[in-house]
Amino acid sequence: MFGNKREDERPVPIVAWADAWEFVVSDEERPATERRRRAVLGRRAIRVPQGGGLQRVNAPCAFFPCETLHKDGPHRLYEDPEGERLLCSIDAADGRRRYGVRDPQGALVGSIHRVAPLKHALRPTWRLGQPGHPEIVSSAEWAKNGPSEMLQRGVGKLLLGVVQAISDAGAEGGDQPEKARVTEWRKGSELVMTSENDTRFLIRAAWLYRRLVLSHAVLRCS
């Protein structure tokens with residue numbers, strides 16, 4: 001018992017981000033289990049879920065300083081909690097609609113585009129630009145491509161509006177518990193990534209640039 005307690009008190013080691021397939025924005029290092037009544041918390045960071053069962057941990061891989069969380073402040077990610085090794089930076093190119101993602105040397109390695117909704121019931125959507133590939137589009141944009149595509153996806157216009165209204169009501173302080181909102185990201189018909197509630201990202205395509213995903217996570221949490 002004492003050994004388990006000492007293990008819980010140890011910080012989870014930092015892991016590499018470059019080859020990770022799943023990221024989560026969280027301060028939870030060790031989730032609650034049948035043997036651990038409360039989750040073990042650490043610094044809020046971008047983390048990589050590892051292990052399973054009682055050995056499940058969320059290992060940190062990228063850190064942002066406090067000023068990153070201010071909407072008008074700089075957006076940067078670091079490989080270390082001290083903020084000495086820059087991982088990437090995100091520059092606003094057009095207000096809060098277009099962003100450029102740069103590597104530690106300042107080279108532009110990708111872009112992020114926030115698209116305002118065309119319908120009142122729809123959230124803003126996002127597009128990711130990676131050199132050498134067509135734009136990666138979030139599934140929320142299906143509704144903007146016409147009723148025919150929505151029906152092909154099995155989603156009716158009325159149902160889409162009802163689901164969105166319920167979700168928005170919960171976000172504004174309703175009594176309903178928050179449900180997972182899963183978004184698919186596609187390059188044409190290829191499924192590139194899925195995200196859940198803008199805090200968990202599961203990469204499906206090996207070629208997807210990790211810095212681009214991490215930068216989008218920062219913008220969604222700011």
Side-chain angles (χ1 to χ4, degrees), residues 12 15 17 20-33 38-52 56-64 68-71 75 77 90 96-97 99 101 112-117 119-128 136-144 150 153-155 159-187 191-205 208-222:
V12 177
V15 298
W17 54 269
W21 289 82
E22 183 177 4
F23 300 101
V24 59
V25 181
S26 176
D27 60 357
E28 183 181 88
E29 291 195 341
R30 304 177 190 272
T33 66
R38 295 183 180 181
V40 177
L41 304 182
R43 176 171 172 171
R44 191 164 183 262
I46 298 181
R47 299 173 177 273
V48 178
Q50 295 185 330
R56 184 74 166 178
V57 298
N58 294 316
C61 71
F63 301 86
F64 32 73
T68 299
L69 300 182
H70 295 295
K71 293 181 181 296
H75 294 81
L77 272 177
I90 307 105
R96 295 178 187 170
R97 293 185 179 181
Y99 300 86
V101 178
I112 301 173
H113 183 194
R114 179 183 182 274
V115 183
K119 301 292 184 180
H120 176 71
L122 298 179
R123 289 186 175 88
T125 54
W126 298 79
R127 299 180 183 181
L128 307 180
I136 303 164
V137 181
S138 64
S139 58
E141 293 205 32
W142 295 343
K144 299 198 298 186
M150 290 170 60
R153 299 286 186 179
V155 181
L159 176 60
L160 183 66
V162 171
V163 171
Q164 181 65 59
I166 293 174
S167 177
D168 288 346
E172 293 175 0
D175 294 334
Q176 295 181 348
E178 182 180 358
K179 295 183 179 179
R181 186 177 71 255
V182 177
T183 300
E184 290 186 348
W185 299 76
R186 292 180 177 273
K187 184 192 73 172
L191 180 61
V192 175
M193 178 176 70
T194 56
S195 59
E196 179 181 319
N197 294 339
D198 299 324
T199 58
R200 185 177 296 272
F201 303 85
L202 181 61
I203 295 174
R204 307 287 184 139
L208 182 59
Y209 200 38
R210 295 336 190 237
R211 280 192 173 96
L212 191 57
V213 178
L214 295 175
S215 297
H216 176 71
V218 171
L219 292 177
R220 298 304 292 132
C221 294
S222 62

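These numbers come from the heavy atoms of this one structure, side chains and all, not from hydrogens, waters or symmetry mates. Here the structure is a predicted model, which is why all the values come from computation and not from measurement.
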### Task
Dump the intermediate steps for side-chain contact (heavy atoms from CB on, under 4.5 Å) on Leu214 and Phe64, then the final yes or no.
CA-CA 11 Å; Leu214 295 175; Phe64 32 73; over 6 Å; no
### Task
Apply side-chain contact (heavy atoms from CB on, under 4.5 Å) to the pair Val48 and Trp17, showing each step before the final yes or no.
CA-CA 8 Å; Val48 178; Trp17 54 269; 5.8 Å; no
### Message
One pair to check against side-chain contact (heavy atoms from CB on, under 4.5 Å): Glu196 and Val24. What are the steps and the verdict?
### Response
CA-CA 9 Å; Glu196 179 181 319; Val24 59; over 6 Å; no
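The main-chain N or O of Ile136 is never found under 3.5 Å from a side-chain atom of Arg127 such that the two would form a donor-acceptor pair. One N or O on the side chain of Arg210 and one on the backbone of Ala20 form a donor-acceptor pair closer than 3.5 Å. Checked by atom type and distance alone, the side chain of Arg47 pairs as donor or acceptor with a backbone atom of Ser26 at under 3.5 Å.
Taking 4.5 Å as the limit, every side-chain heavy atom of His216 sits out of range of all side-chain heavy atoms of Ser195. A 4.5 Å side-chain heavy-atom check between Glu29 and Asn58 finds every atom pair outside the cut-off.
The minimum heavy-atom distance between Arg38 and Ala32, with the atom names listed, is C-CB, 4.1 Å. Scanning all heavy atoms of the two residues, the minimum distance from Arg181 to Asn197 falls at N-OD1, 2.6 Å. Residues Pro60 and Ala45 come closest through the heavy atom pair CB-CB, 4.4 Å.
Here the straight-line distance linking atom CG of Leu219 with atom CD1 of Ile112 works out to 4.5 Å at 0.5 Å rounding. If you take CE on Met193 and CG on Leu202, they are separated by 9.5 Å, rounding to the nearest 0.5 Å. Here Leu208 contributes atom CG and Phe201 contributes atom CZ; the two are 11.0 Å apart, rounded to the nearest 0.5 Å. Expressed to the nearest 0.5 Å, how far CZ of Arg186 lies from CZ of Arg204 amounts to 9.5 Å. With values rounded to the nearest 0.5 angstrom, His113 atom NE2 is found 11.5 Å from Leu128 atom CG. Note: Leu212 CG to Tyr99 OH = 14.0 Å, rounded to the nearest 0.5 Å.
With Ile203 as reference, Phe23 is the one residue of Trp185, Phe23, Tyr209 to meet the side chain to side chain contact (heavy atoms under 4.5 Å, CB included) rule.
By the side-chain hydrogen bond (donor to acceptor under 3.5 Å, both in side chains) test, Ser215 is found to be paired with no residue, residues two or more places apart in sequence or in another chain being considered. Residues satisfying the side-chain contact (heavy atoms from CB on, under 4.5 Å) test with Val57, not counting sequence neighbours, are Val12, Arg30, Gln50.
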